[in-house]
Amino acid sequence: MTVSIKKHELLEHGDTEPGLHIVATPIGNLGDITLRALQVLSNSDLVACEDTRVTRRLLSHYNIKVPTTSYNDHNAKKVIPRLIKLLQSGKIVALVSDAGTPLISDPGYRLVQEAISNKLPITTAPGPVAAVAALTIAGLPTDKFLFIGFLPTKKGAKKKYLNELKNIQATLVFYESSQRLIETLHDMTEYLGNRPAAVMREITKKFEETKRGPLNELTDHFTVEGAPRGEIVIIVSSLKTTKMSDQEIDRLITKELVNNTLRDSVSVVAQTSGRARREVYKRALIISKK
Ligand code: SAM
């Protein structure tokens with residue numbers, strides 16, 4: 001699909017002003033870039049990128065020919081003075097990361113801090129963030145959420161961190177790698193308690209997939225199936241899965257079976273009660289035959 005953009009539409013809100021522009025880029029699907037992001041990138045004197053090879057692919061896809069430079073946590077100290085100098089001379093500098101919004105589990109914080117202390121203009125061309133994209137499809141409360149990003153990788157630090165999160169009354173949003181997914185789901189079940197959760201992978205990409213259920217079931221599922229490949233967001237509800245008595249569970253199953261199939265009833269009751277799906281299934285089977 002070709003998008004035709006009339007120049008006046010892009011310029012509706014004024015031409016790109018000099019200063020530092022924090023520009024969000026797609027988290028997978030190259031179509032997920034805003035018209036203004038393209039405008040800012042096209043007008044930039046320099047695009048500071050986490051990885052120039054990744055960003056050049058995006059820029060060439062949109063036929064944008066501007067100079068790029070590498071900016072990441074390792075070279076920040078060296079690169080920042082050069083970027084600040086350019087900004088002081090009235091240039092347009094864009095900052096992008098490999099995917100999504102810079103500074104969100106990505107480099108950029110030190111550059112923004114430095115630009116602020118030098119009283120330089122900073123603005124943003126907002127766009128995709130994996131955390132927010134995942135929240136919109138998880139099916140868990142979105143009225144209050146806390147972005148955690150990546151958990152510590154060391155066992156002790158991870159346990160301590162999860163224990164600190166235990167009493168927070170907000171939906172929790174985590175980034176996780178595929179290799180650590182099973183262990184993390186297991187640790188979450190143990191330290192946060194069993195709760196409704198969702199695992200989203202490869203959002204906006206070909207193999208996008210969402211799996212919802214109580215943490216213990218998700219752990220079982222991925223232990224059996226193997227961890228999925230690709231990029232992953234885990235969302236965990238703050239609602240503790242209440243410990244329901246067997247009678248309450250049976251009552252809930254009976255109620256669900258009135259309007260739902262056996263399979264759907266089992267899903268709802270397992271998610272609400274935090275009981276293992278196979279256990280709810282056994283009870284539901286007996287009830288449905290009565
Ligand atoms: N700045 C990015 C953002 O705005 O979301 C996040 C960068 S962080 C280095 C990369 C992590 O974000 C991945 O390990 C994964 O947890 C999450 N992520 C990024 N893109 C994703 C996608 N398409 N699907 C699922 N998770 C994604």
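Start at 1 and go down the list; that is how both ligands and their atoms are numbered. Computed from heavy atoms alone, side chains included, the values below leave out hydrogens, waters and symmetry copies.
In the vicinity of Glu176, heavy-atom distances shorter than 4.0 Å reach the ligand 1 atoms 16 (O). Of all atoms in ligand 1, listed by their number and element, those nearer than 4.0 Å to a heavy atom of Phe150 are 8 (S), 11 (C), 14 (O). For ligand 1, the atoms lying closer than 4.0 Å to a non-hydrogen atom of Lys205 are 23 (N). Of all the atoms in ligand 1, the ones that sit under 4.0 Å from a non-hydrogen atom of Thr101 are 1 (N), 3 (C), 4 (O).
Atom 27 (C) of ligand 1 has its nearest heavy-atom neighbour, among Pro26, Ser178, Ala130, Ser105, in Ala130. Evaluated by nearest non-hydrogen atom to atom 16 (O) of ligand 1, the leading choice among Ile232, Asp106, Val233 is Ile232.
Looking at ligand 1, you'll find an N or O of Ile104 within less than 3.5 Å of one of its N or O atoms. For Met200, no nitrogen or oxygen atom sits less than 3.5 Å from a nitrogen or oxygen atom of ligand 1, counting backbone and side chain alike. Residue Gly100 has no N or O atom closer than 3.5 Å to an N or O atom of ligand 1.
Ser177 has its side chain out of reach of Ile232: every pair of non-hydrogen atoms, C-beta onward, lies at least 4.5 Å apart. Counting heavy atoms from C-beta on, the side chains of Asn72 and Asn75 come closer than 4.5 Å.
Within the 4.0 Å heavy-atom shell around ligand 1 one does not find Phe174.
A pairwise comparison of heavy atoms in Thr142 and Leu135 identifies CG2-O, 3.7 Å as the closest pair.
Grouped with Val93 in one hydrophobic cluster are Leu20, Ile22, Leu46, Tyr71, Val79, Ile80, Leu83, Ile84, Leu86, Leu87, Leu95, Leu103, Tyr109, Leu111, Val112, Ile116, Leu120, Ile122, the linkage being side-chain heavy-atom contacts under 4.5 Å among Ile, Leu, Val, Met, Phe, Trp and Tyr residues.
Annotation: atom 25 (C) of ligand 1 to nearest protein heavy atom, Glu231 O, 3.2 Å. Summary of contacts: the protein heavy atom closest to atom 3 (C) of ligand 1 is Tyr175 OH, 3.5 Å. With hydrogens left out, the protein atom closest to atom 22 (C) of ligand 1 is Ile203 N, 3.6 Å, a heavy atom.
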Show, in sequence, the C-alpha distance, side-chain angles and deciding distance for Asp187 and Lys155, and conclude whether the salt bridge (Lys or Arg N to Asp or Glu O under 4.0 Å) test is met. CA-CA 9 Å; Asp187 292 344; Lys155 192 93 188 148; 3.1 Å; yes
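Around CD of Gln247, the count of heavy atoms belonging to other residues, nucleotides or ligands within 6.0 Å does not exceed 12. Within a 6.0 Å sphere centred on CZ of Phe222, other residues, nucleotides and ligands contribute more than 12 heavy atoms.
Only the backbone of Ala99 comes within 4.0 Å of ligand 1, counting heavy atoms alone; no side-chain atom from C-beta on gets that close.
Leu257 and Ile286 sit in two unconnected hydrophobic clusters of ILVMFWY residues. Membership requires side-chain heavy atoms under 4.5 Å apart, directly or through other members.
Applying the salt bridge (charged side-chain N to carboxylate O under 4.0 Å, His left out) rule to Asp143 yields no partners; only residues at least two apart in sequence or on another chain are considered.
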